[in-house]
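To start, the structure under review is shown below, and the notes come after it.
Order of the sequence lines sets the chain letters (A, B, ...), proteins ahead of strands, with each chain counted from 1. Only a predicted model underlies this, so the values are computations on that prediction, with no experimental measurement involved.
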Number of protein chains: 2
Amino acid sequence: MSTPNREVLDRADLAALPQRFRAMLVNSLSGFKSANVVGTASEDGREACCIVSSVVHLGSNPALMGVVFRPPGADSHNYHNLAANGRFTLSHISAGFYKQAHQTSARFEASVSEFEAVGLTPHWHMDAAGERFQAPALAESPVRMGLSVSEDLLLPNGCRFVIGTVEWVDFDASSQSKDGFLDLASTETVCIGGLDAYHTAARLSRLSYAKVGKALEVQEDFNVGWD
Amino acid sequence: MSTPNREVLDRADLAALPQRFRAMLVNSLSGFKSANVVGTASEDGREACCIVSSVVHLGSNPALMGVVFRPPGADSHNYHNLAANGRFTLSHISAGFYKQAHQTSARFEASVSEFEAVGLTPHWHMDAAGERFQAPALAESPVRMGLSVSEDLLLPNGCRFVIGTVEWVDFDASSQSKDGFLDLASTETVCIGGLDAYHTAARLSRLSYAKVGKALEVQEDFNVGWD
């Protein structure tokens with residue numbers, strides 16, 4: 001079935017692959033993944049965090065993010081925390097601390113703070129009234145946000161799809177262009193290929209809003225923004 | 001509220017922003033997005049395709065992908081096609097054709113093939129029995145797959161979250177390392193920042209499976225793979 005330089009596999013071929021090989025391959029198929037740290041706190045105030053590669057944009061008004069969590073087990077501290085108190089944070093991972101962020105995926109005991117264990121710094125957001133948001137973000141992160149859980153959907157394969165409403169955002173102002181866009185190449189935000197391959201981004205261009213019969217405008221300077 | 005070089009916005013601040021500015025900002029918050037073309041065919045055989053930046057990995061065995069679609073309207077040809085015949089494809093967008101892929105987001109009439117309109121080539125997958133998969137993929141793409149719809153969930157904000165089971169995959173064999181991983185930097189697969197910023201990926205490293213109390217191993221050569 002395979003033409004030269006192409007490998008073609010059907011569903012039965014995929015099912016017959018060794019488990020680890022299949023996980024490496026299938027995790028490469030969705031394209032590049034976003035790289036965030038989810039931060040939470042337990043009811044008794046213990047902080048926890050873990051890398052997630054499954055954050056997806058769901059809407060801008062209100063600002064909504066979706067996050068896929070594996071089928072929760074006893075050691076899914078972050079999922080249990082956000083399910084209990086309804087709050088979590090997302091913080092972009094940048095090139096300066098991607099190794100520490102990766103290490104948060106190890107199975108630490110619930111009594112251990114992953115922040116302390118890997119050497120990352122909790123950032124506790126305060127609102128205008130001086131009230132503390134009940135989940136820590138990452139001090140090191142160029143773009144971070146706090147969210148409240150608006151839906152917690154059980155997917156057919158046991159995964160959870162958590163939808164969060166953005167309650168606050170906090171970002172490196174120098175990365176923003178005049179039209180609102182954040183240049184994630186300038187912040188050295190990373191993206192993930194497969195399960196474990198980290199990359200920074202190399203700019204191609206920004207393209208104008210697509211219209212039928214109209215040629216695209218191309219913007220190579222990411223600082224500028226559209227009029 | 002903002003410290004030097006940080007901009008801090010709460011939910012009310014976000015709601016008060018001009019619509020386009022808010023969309024540009026909030027679309028930047030999830031981190032880098034995957035870049036795929038979804039391909040479909042109508043019941044009477046008309047092909048359609050559109051760029052999507054919302055594909056997320058859901059599972060490896062069986063291989064499952066999730067795709068968020070905006071609240072479907074009359075001109076959401078691809079969503080209506082896949083809801084009707086239960087088949088769609090996903091094809092990675094690479095640097096060689098990202099402008100054509102972006103242009104597929106224009107509002108073409110249902111009678112128009114986006115493939116023809118923007119200059120991309122449909123690839124019709126044939127199974128081992130010589131039967132044609134009922135949705136076209138992209139001939140130009142380094143990594144493409146056909147999926148059957150396993151769930152079509154309505155999200156609270158009107159978006160659809162479509163879960164697809166991978167029926168076949170077809171990829172550039174030279175991008176695969178011995179452990180199954182596909183090097184998406186080598187295929188020049190792009191990632192998207194915000195609504196319209198395209199990037200290729202610059203490799204940092206692959207990191208070993210994280211374990212408590214164990215130092216990470218670092219692999220700079222993406223062709224090698226883990227033992």
**Request:** Tell me, with the steps shown, if A/Asp13 and B/Trp168 meet side-chain contact (heavy atoms from CB on, under 4.5 Å).
**Result:** CA-CA 9 Å; A/Asp13 297 328; B/Trp168 55 267; over 6 Å; no
**Item:** With B/Thr165 via side-chain hydrogen bond (donor to acceptor under 3.5 Å, both in side chains) - residues at least two apart
**Value:** none
**Smallest separation among heavy atoms of B/Met65 and A/Val26, with atom names** = CE-O, 3.8 Å
**Asked** Any donor and acceptor pair, going by atom type alone, linking the side chain of A/Arg6 with main-chain N or O of B/Asp170 inside 3.5 Å?
**Response** yes
**Message:** Given heavy-atom pairs under 4.5 angstrom as the criterion, report whether the side chain, backbone, both or neither of B/Ile163 touches chain A.
**Reply:** side chain
**Asked** What closest approach, in Å, do B/Cys191 and A/Cys191 show between heavy atoms, and which atom pair accounts for it?
**Response** SG-SG, 4.2 Å
**Message:** Tell me which of these, A/Leu17, A/Val67, A/Val118, A/Leu155, has more heavy-atom pairs under 4.5 Å with chain B than the rest.
**Reply:** A/Leu155
**Item:** Atom group of B/Ser141 that falls short of 4.5 Å from chain A, counting heavy atoms
**Value:** backbone
**Asked** Is there side-chain contact between A/Val166 and B/Arg11, with at least one heavy-atom pair below 4.5 Å?
**Response** no
**Prompt:** Atom OG of B/Ser177 and atom CZ of A/Phe21: how far apart are they, to the nearest 0.5 Å?
**Reply:** 8.0 Å
**Message:** When you compare the side chain of B/His125 with that of A/Val8, does any pair of heavy atoms fall below 4.5 Å?
**Reply:** yes
**Asked** Of all the residues in residues 220-227 of chain B, which have a heavy atom that comes within less than 4.5 Å of a heavy atom in chain A?
**Response** B/Phe222, B/Trp226
**Message:** Counting heavy-atom pairs under 4.5 Å with chain A, which one of B/Val56, B/Val218, B/Thr200 comes out on top?
**Reply:** B/Thr200
**Prompt:** Where is the tightest heavy-atom contact between A/Tyr209 and B/Arg20, given as atom of each residue plus distance?
**Reply:** CD1-NH2, 3.6 Å
**Side chain to side chain, B/Ser208 and A/Asp196, heavy atoms closer than 4.5 Å** = no
**Heavy-atom proximity to chain B below 4.5 Å, by part of A/Leu153** = side chain
**Request:** Report the option among A/Asp172, A/Leu195, A/Val143 that has the most heavy-atom pairs separated by less than 4.5 Å from atoms of chain B.
**Result:** A/Asp172
**Request:** Check the pair B/Tyr98, A/Leu204 against side-chain contact (heavy atoms from CB on, under 4.5 Å), reporting the backbone distance first and the verdict last.
**Result:** CA-CA 9 Å; B/Tyr98 77 98; A/Leu204 291 168; 3.7 Å; yes
**Sidechain-backbone polar pair: A/Arg203 side chain, B/His199 backbone, donor-acceptor under 3.5 Å** = no
**Asked** Taking the side chain from A/Asp10 and the backbone from B/Asp127, do they hold a donor-acceptor pair closer than 3.5 Å?
**Response** no
Below 3.5 Å, can you tabulate the donor-acceptor pairs from side chains in residues 29-38 of chain A to any protein atom, sequence neighbours excluded?
| unit_1 | atom_1 | unit_2 | atom_2 | d |
| --- | --- | --- | --- | --- |
| A/Lys33 | NZ | A/Asn27 | O | 3.3 |
| A/Lys33 | NZ | A/Asn27 | OD1 | 2.7 |
| A/Lys33 | NZ | A/Gly194 | O | 3.0 |
| A/Ser34 | OG | A/Val55 | O | 3.1 |
| A/Asn36 | ND2 | B/Ser30 | O | 3.2 |

**Request:** For chain B, find which of A/Glu167, A/Arg107, A/Gln176, A/Met145 contributes the most heavy-atom pairs closer than 4.5 angstrom.
**Result:** A/Glu167
**Request:** Say whether, by atom type as modelled, one donor and one acceptor occur between the side chain of A/Gln103 and the main chain of B/Lys211 under 3.5 angstrom.
**Result:** yes
**Asked** Looking at A/His102, A/Lys178, A/Lys99, A/Gln219, which has the largest count of heavy-atom pairs under 4.5 Å with chain B?
**Response** A/His102
**Steps toward side-chain contact (heavy atoms from CB on, under 4.5 Å) verdict (A/Tyr198, B/Leu207)** = CA-CA 8 Å; A/Tyr198 292 84; B/Leu207 299 177; 3.7 Å; yes
**Closest contact, heavy atoms only, B/Leu182 versus A/Ser28** = N-OG, 3.1 Å
**Item:** Counterpart residues, ring pair (Phe, Tyr, Trp, His ring centres under 6.0 Å), relative to B/Phe171 (two or more places apart)
**Value:** none
**Message:** Using only atom types and a distance under 3.5 Å, with no angle test, would you say the side chain of B/Asn157 pairs donor to acceptor with the backbone of A/Leu58?
**Reply:** yes
**Item:** Heavy-atom pair count under 4.5 Å with chain B, highest-scoring of A/Ser205, A/Gly213, A/Ala117
**Value:** A/Ser205
**Message:** As an exercise: rank B/Pro142, B/Gly158, B/Ser175 by heavy-atom pairs under 4.5 Å with chain A and give me the winner.
**Reply:** B/Pro142
**Complete:** One option among A/Arg70, A/Glu151, A/Gln19, A/Glu109 has the most heavy-atom pairs under 4.5 Å with chain B, and it is A/Glu151
**Side chain, backbone, both or neither of B/His57 within contact of chain A (heavy atoms, under 4.5 Å)** = both
